[in-house]
Amino acid sequence: MTRDKQLDPVDLKIMQLLQVNGRMETVHVGNRVGRSTSATLERIEQLVELGYIKRFAAILDRALVGRPTLMVTLVKLKAHGIEELHDFAQAMALQPEVQVVLHLAGEFDFMLQVTVRDPAEYKLFLEHKLCVLPMVDKLHSSLVLEECKMEPALPLG
C-alpha cells in the first residue's frame, strides 16, 4: 500500500471501526472485515505507518476530570506575516488548556477551543497567556452552553 494508492473498502472499514473503538482487539476487527488477525494487524500497521491513522487516544469526559468549562475564542492578530502566524500557533499549542487551534480565513485569524475549570480560570488564561502575546489584536470569547455534537470520527467511504 502506497500513500498515493486509493484505500480499499477493507482499509476504510478498519479505520471506521477503530475510530469508534480504538481499543477493539485486532481479532475482532479482522472478524468484522473478513480478514485473518495477522492480515488485519498488517493493514493497521500500514495505515499507521502511512499516516492515515495518526494516533490512538482516549476521549475523556471534561466534567468528570474537573474541566467542565469549554470556551471558544476567536483571535485576530495585529499582523499577518508568516512569522506572526507561526509564533501565535506555536504559543497556543504549548498551552495545556487549549485543545484545538484552527487557523482561519475571514475576520478572525484563529479559533481556539479552551477547556478550563471555571470562568475564573479562563480569565487567568486570558490575562497571563493570551492577551500578553504582542501579536494579539482582538478577541471574541464564547462560553459553550452545550455540546450538541462533538464527534471526532471522520466520515469514510
Side-chain angles (χ1 to χ4, degrees), residues 7 11-33 40-41 43-80 82-157:
L7 297 171
D11 295 322
L12 295 173
K13 183 67 175 172
I14 288 171
M15 290 190 297
Q16 184 177 26
L17 290 168
L18 292 176
Q19 282 190 106
V20 174
N21 181 1
R23 290 185 53 174
M24 184 180 286
E25 294 181 22
T26 307
V27 64
H28 297 304
V29 175
N31 288 340
R32 300 279 299 270
V33 300
T40 303
L41 179 59
R43 281 191 183 236
I44 293 170
E45 288 172 348
Q46 286 177 342
L47 291 167
V48 170
E49 182 181 317
L50 293 171
Y52 289 101
I53 297 174
K54 289 187 172 200
R55 65 184 176 140
F56 294 90
I59 299 170
L60 306 181
D61 184 301
R62 285 183 301 94
L64 292 177
V65 298
R67 301 187 74 76
T69 304
L70 179 60
M71 300 295 297
V72 173
T73 307
L74 296 171
V75 181
K76 183 178 177 95
L77 302 184
K78 292 177 184 173
H80 298 92
I82 293 171
E83 188 174 323
E84 291 86 2
L85 295 167
H86 179 264
D87 288 352
F88 179 80
Q90 195 170 39
M92 289 301 98
L94 294 173
Q95 304 308 318
E97 56 273 271
V98 177
Q99 265 57 67
V100 176
V101 179
L102 300 175
H103 184 195
L104 307 174
E107 179 183 353
F108 288 91
D109 300 305
F110 287 91
M111 191 280 299
L112 309 176
Q113 179 179 306
V114 183
T115 303
V116 291
R117 290 180 188 88
D118 53 36
E121 185 179 13
Y122 182 68
K123 181 178 183 283
L124 291 174
F125 167 78
L126 289 177
E127 292 174 348
H128 299 285
K129 296 183 178 181
L130 185 56
C131 294
V132 296
L133 296 174
M135 71 282 283
V136 173
D137 181 39
K138 179 180 173 183
L139 300 175
H140 178 82
S141 297
S142 295
L143 170 67
V144 175
L145 298 176
E146 178 183 6
E147 293 176 30
C148 300
K149 180 177 182 179
M150 189 73 95
E151 177 58 56
L154 297 172
L156 300 174

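One finds the CG atom of Leu17 at 11.0 Å from the CG atom of Leu12 (value rounded to the nearest 0.5 Å). Expressed to the nearest 0.5 Å, how far CG of Leu18 lies from CZ of Arg23 amounts to 13.0 Å. One distance of note links NE2 of His140 with NZ of Lys138; it measures 9.0 Å at 0.5 Å rounding. Between the CG atom in Leu41 and the OG1 atom in Thr26 there is a gap of 5.0 Å [rounded to 0.5 Å]. Atom CG of residue Asp61 and atom CD1 of residue Ile59 lie 11.5 Å apart, to the nearest 0.5 angstrom. Within the model, atoms CD1 of Ile14 and CD of Gln16 stand 11.5 Å from one another, a figure rounded to the nearest 0.5 Å.
Using a 4.5 Å cut-off on side-chain heavy atoms (C-beta onward), Met92 and Leu130 make contact. Side-chain atoms of Asp109 and Met135, non-hydrogen and from C-beta on, never get closer than 4.5 Å to each other. Annotation: side chain of His28 is not in contact with side chain of Asn21 (no heavy-atom distance under 4.5 Å).
Between the side chain of Arg67 and the backbone N or O of Arg62 there is no donor-acceptor pair closer than 3.5 Å. Looking at Glu83, its side chain never comes within 3.5 Å of a backbone N or O of His80 through a donor-acceptor pair. Side chain of Gln95 to main chain of Glu97: no donor-acceptor pair is present (N/O by atom type, distance under 3.5 Å, no hydrogens or angles). No donor-acceptor pair closer than 3.5 Å links the side chain of Glu84 to the backbone N or O of Lys78.
Within 6.0 Å of CG in Leu94 there are more than 12 heavy atoms belonging to other residues, nucleotides or ligands. Applying the 6.0 Å contact sphere to NE2 of His86 captures no more than 12 heavy atoms from other residues, nucleotides or ligands.
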Problem set entry | side chain to side chain contact (heavy atoms under 4.5 Å, CB included) evaluation trace for Val114 with Lys129 | CA-CA 12 Å; Val114 183; Lys129 296 183 178 181; over 6 Å; no
For this session: Mind running side chain to side chain contact (heavy atoms under 4.5 Å, CB included) on Leu124 and Glu127 for me, showing each step along the way?
Result: CA-CA 5 Å; Leu124 291 174; Glu127 292 174 348; 4.3 Å; yes
Exercise. So Met15 and Leu7, side chain to side chain contact (heavy atoms under 4.5 Å, CB included) or not? Walk me through it.
Worked result: CA-CA 10 Å; Met15 290 190 297; Leu7 297 171; 3.2 Å; yes
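When all heavy atoms of Thr69 and Pro119 are compared, the pair lying nearest together is OG1-CD, 4.3 Å. The two residues Val136 and Leu77 have their closest heavy-atom pair at CA-CD2, 4.3 Å. Across all their heavy atoms, Glu107 and Lys76 have their closest contact at O-NZ, 3.5 Å. Taking each heavy atom of Ser141 and Tyr122 in turn, the nearest pair found is OG-OH, 2.5 Å. Residues Phe110 and Leu104 come closest through the heavy atom pair C-CD1, 3.8 Å. Contact record, Val101 with Ala93: CG2-N, 4.4 Å, taken as the closest heavy-atom pair.
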